[in-house]
Amino acid sequence: RKGRLFNINIGPQTSVLLDTTYCDDRIRIGMGGTSGTRFVFRRCPDDDDDVEANEFRALLTRKPISKPRALASLGSLTVLGLYG
């Protein structure tokens, strides 16, 4: 599936660093490598039909729209908001 109207990618690409401080068969505890933010992940059931466990797949297939198109869309919405 191709991108939608507001699937935009603005700004520099970044790398996410996550240090795993604890991991077992049920949970994984991590900490942001640069921010120090703590994360707790729990394992989803092994069922392939689990909607939550597969939500990310649809996001990976979407292609972001170009910056000029995003800016034009936002500009149009602003104008419509001012004069609409």
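With sequence neighbours excluded, no residue satisfies side chain to side chain donor-acceptor pair (under 3.5 Å) with R26. For S76, the side chain to side chain donor-acceptor pair (under 3.5 Å) test picks out no residue, with sequence neighbours left out.
The OG atom of S35 lies 9.5 Å from the CG atom of L17; values are rounded to the nearest 0.5 Å. Between the CD1 atom of I27 and the CZ atom of R42 there is a distance of 11.5 Å, given to the nearest 0.5 Å. Note that OG1 of T34 is 10.0 Å distant from CG of L18, once rounded to the nearest 0.5 Å.
The minimum heavy-atom distance between A58 and T61, with the atom names listed, is O-OG1, 2.9 Å. Summarising the geometry of T20 relative to R28, their closest heavy-atom pair is CG2-CG, 3.6 Å, with the distance given to 0.1 Å.
Without hydrogens or angle criteria, R43 side chain to D25 main chain gives a donor-acceptor distance under 3.5 Å.
Between I29 and the options F39, Y22, F41, a side chain to side chain contact (heavy atoms under 4.5 Å, CB included) holds for only Y22.
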